[in-house]
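One structure is given below, encoded as structure tokens.
Numbers here are sequence positions counted from 1. Counting starts at 1 for both ligands and their atoms, following the listed order. Model, not experiment: these values are computed from the prediction.
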Amino acid sequence: MATTSDQQLVAAAIAASQQAYIPYSRYAVGAALLASDGTVYTGCNVESASYSPTICAERTALVKAISEGKREFTAVAVATRDAGSPCGVCRQLLYEFSPPMRVIMADMAGNIRVTTTLKALLPHGFGPANLQVE
Ligand code: THU
């Protein structure tokens, strides 16, 4: 099986951003999430006139993957006009599944500006282990 490169993941995130439903912010976000089995799930942000139901691109990709039975991820690429960073809510939900995953932030020209890990973005994160009872 061919492995997905960071640049391919970024290209998938940029393509996904083109589907963003963003009448309010005009801030398009695309995400491409790489599952441990090599499958890539993409997502875009979807906004609401009521604002708070808005869902970020990262969580769109994640819920697509979870609903297809995937539970482990090795990387996520996020594309925005300014290579913006995943929000706190997205960090938390991604952390639920794969704290060590790599996080790649890129602009819409495909320039990778930051490569880090979810653990680094959410230090001392709260996760499933906290709710385990002995
Ligand atoms: N947004 C994302 O899709 N991902 C993030 O991590 C940050 C914010 C979206 C939500 C909203 O549609 C727009 O960007 C502006 O906040």
Is any side-chain heavy atom of Pro86 closer than 4.5 Å to a side-chain heavy atom of Met105?
yes

Is there a side-chain contact between Ile66 and Arg71 (heavy atoms, below 4.5 Å)?
yes

Taking only heavy atoms of the protein into account, state which residues are under 4.0 angstrom from an atom of ligand 1, in chain and number order.
Ser25, Tyr27, Val29, Asn45, Glu47, Thr54, Cys56, Ala57, Glu58, Ser85, Pro86, Cys87

Any side-chain to backbone donor/acceptor pair from Glu47 onto Ser25? Under 3.5 Å, distance only.
yes

Side-chain donor/acceptor of Asn45 to backbone N/O of Tyr27, under 3.5 Å:
yes

Residue pair Thr54, Tyr24: steps toward the side chain to side chain contact (heavy atoms under 4.5 Å, CB included) verdict:
CA-CA 10 Å; Thr54 293; Tyr24 309 106; over 6 Å; no

Using a 6.0 Å cut-off, check whether atom NZ of Lys119 has over 12 heavy atoms from anything other than its own residue.
no

